[in-house]
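Notes to accompany the following structure.
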Amino acid sequence: MEWNCGNVQKWLLWTEHLYRLPQVGKAFQDLDGKDLCSMSEEDFRQRSPQCSETLHAHLDIWKSEADELWSEADSSCSGQPIHLWQFLRELLLKPHSYGRCIRWLNKEKGIFKIEDSAHVARLWGLRKNRPAMNYDKLSRSIRQYYKKGIIRKPDISQRLVYQFVHPV
DNA sequence: AATAAGGACACTC
DNA sequence: GAGTGTCCTTATT
């Protein structure tokens, strides 16, 4: 609801890339976030007959995750390079926003579980501007941390459960 | 089918 | 050269 026309265009660009859509930005040039949110699927159809279904569905996903995704998109504009382990820490520090997709199993020991791998990967992709990010690739990066002593598997290995070697 | 481990290579800073 | 991102094979759950 706070987006200006530029934010809308950025979202469109990202969505085009994600779903390999043709460029539709021009058809939405004059819209800000409020306009976009008030659009029905029929409204989308009038502006972009080819992509209306995809755009409308994807906007629904964003609406349902509005707070968290807005903060991600916002910080990616002026963002410093962030490491994956720092990003995961950030999410874990905000259980109110992210507790449904990643949470501590044992905060003292730094053990955490990724409850929704696709969601966490999507958030990471947003932060890094990598629309093609998924859990396969995110987890590969986590594994790189094993030999660096940043993250490891807990003593009793469980799916989607990792442990920070140096808990805060 | 999803996740896990790690090699290999490309890319950006 | 670091830190991924991408792709892949193989094994495990």
Side-chain angles (χ1 to χ4, degrees), chain A residues 3-4 6-25 50-51 53-168:
Chain A
W3 287 1
N4 58 33
N7 296 132
V8 171
Q9 289 295 311
K10 188 182 175 186
W11 177 79
L12 282 168
L13 213 61
W14 200 87
T15 307
E16 286 164 8
H17 189 171
L18 179 61
Y19 295 105
R20 301 168 185 242
L21 305 174
Q23 297 194 348
V24 296
Q50 295 181 329
C51 312
E53 196 178 334
T54 302
L55 291 173
H56 187 254
H58 195 227
L59 181 61
D60 257 1
I61 294 173
W62 275 62
K63 279 175 173 173
S64 69
E65 303 168 352
D67 288 341
E68 53 204 87
L69 292 179
W70 167 245
S71 67
E72 295 312 311
D74 189 39
S75 54
S76 72
C77 297
S78 59
Q80 306 300 315
I82 186 171
H83 289 175
L84 175 57
W85 66 268
Q86 296 176 309
F87 177 76
L88 294 175
R89 277 235 141 98
E90 272 187 24
L91 299 189
L92 287 161
L93 283 178
K94 300 172 184 172
H96 184 73
S97 301
Y98 307 108
R100 274 116 249 137
C101 63
I102 183 171
R103 66 185 180 86
W104 294 114
L105 289 189
N106 185 328
K107 189 170 182 179
E108 290 67 41
K109 292 185 177 176
I111 299 173
F112 62 96
K113 175 165 188 176
I114 296 172
E115 301 281 7
D116 184 338
S117 59
H119 191 163
V120 173
R122 192 161 61 235
L123 292 171
W124 177 233
L126 284 164
R127 172 65 66 92
K128 294 290 294 294
N129 251 307
R130 291 284 112 159
M133 181 53 58
N134 56 30
Y135 181 68
D136 177 53
K137 289 180 268 195
L138 184 153
S139 62
R140 181 69 189 92
S141 289
I142 290 180
R143 271 175 249 127
Q144 290 290 150
Y145 289 145
Y146 292 173
K147 60 186 176 194
K148 297 184 181 180
I150 297 173
I151 289 177
R152 68 185 189 83
K153 271 299 200 180
D155 293 327
I156 303 166
S157 183
Q158 303 169 71
R159 303 186 116 204
L160 299 171
V161 176
Y162 298 91
Q163 177 172 192
F164 285 103
V165 174
H166 302 294
V168 178

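All chains are named by letter (A, B, ...) in the order of the sequence lines, taking the proteins before the strands, and each is independently numbered beginning at 1.
- Residue A:Gly99 comes nearest to A:Arg103 through the heavy atom pair O-CB, 3.9 Å, listed as atom of the first residue, atom of the second, then distance.
- At the phosphate of C:dT6, OP1 or OP2 sits under 4.0 Å from a side-chain N or O atom of A:Lys137.
- Interatomic distance, A:Gln158 CD to A:Gln163 CD, rounded to the nearest 0.5 Å: 11.0 Å.
- Using the six-membered ring where Trp is involved, A:His58 and A:Trp14 have ring planes that are parallel, under 30° apart on the 30 and 60° scheme.
- If you take NE2 of A:His83 and C1' of B:dT12, they are 13 Å apart, rounded to a whole angstrom.
- Nearest-nucleotide positions on DNA chain B for A:Arg130 and A:Ser117 put A:Ser117 closer to the 5' end.
- Atom CD1 of A:Ile156 and atom P of C:dT12 are 19 Å apart (whole Å).
- Using a 4.0 Å cut-off on heavy atoms, the residues of residues 142-150 of chain A that approach DNA chain C are A:Gln144, A:Tyr145, A:Lys148, listed by number.
- Taking the six-membered ring for Trp and the full ring otherwise, A:Phe87 and A:Trp124 have centroids separated by under 6.0 Å.
- For A:Asp136, whose side chain is taken as the heavy atoms from C-beta onward, the closest listed nucleotide among B:dA2, C:dT6, C:dC7 is C:dC7.
- Between the OH atom of A:Tyr135 and the C1' atom of C:dG5 there is a distance of 16 Å, given to the nearest Å.
- To the nearest 0.5 Å, atoms CG (A:Leu13) and CG (A:Asn129) are separated by 9.0 Å.
- Within the nucleic acid shown, A:Ser139 has no heavy atom closer than 4.0 Å to any nucleic acid atom.
- Neither OP1 nor OP2 of C:dT4 sits under 4.0 Å from any side-chain N or O of A:Trp124.
- One can place NZ of A:Lys153 at 10 Å from C1' of B:dA5, the figure rounded to the nearest angstrom.
- Smallest separation of non-hydrogen atoms from A:Leu105 and A:Lys113: CG-CB, 3.9 Å.
- Nucleotide C:dT4 holds its P atom 16 Å from the CG atom of A:Asn134, rounded to whole Å.
- Residue contacts shown for A:Leu138 are absent, as no nucleic acid heavy atom lies under 4.0 Å away.
- Between A:Phe112 and A:Phe164, the ring center distance clears the sub-6.0 Å criterion.
- Atoms CZ (A:Arg159) and P (B:dA5) sit 11 Å apart, rounded to a whole Å.
- The NZ-C1' distance, from A:Lys128 to C:dA2, rounds to 12 Å in whole Å.
- Remark: C1' of C:dC7 and CZ of A:Arg140 are 11 Å apart, rounded to the nearest angstrom.
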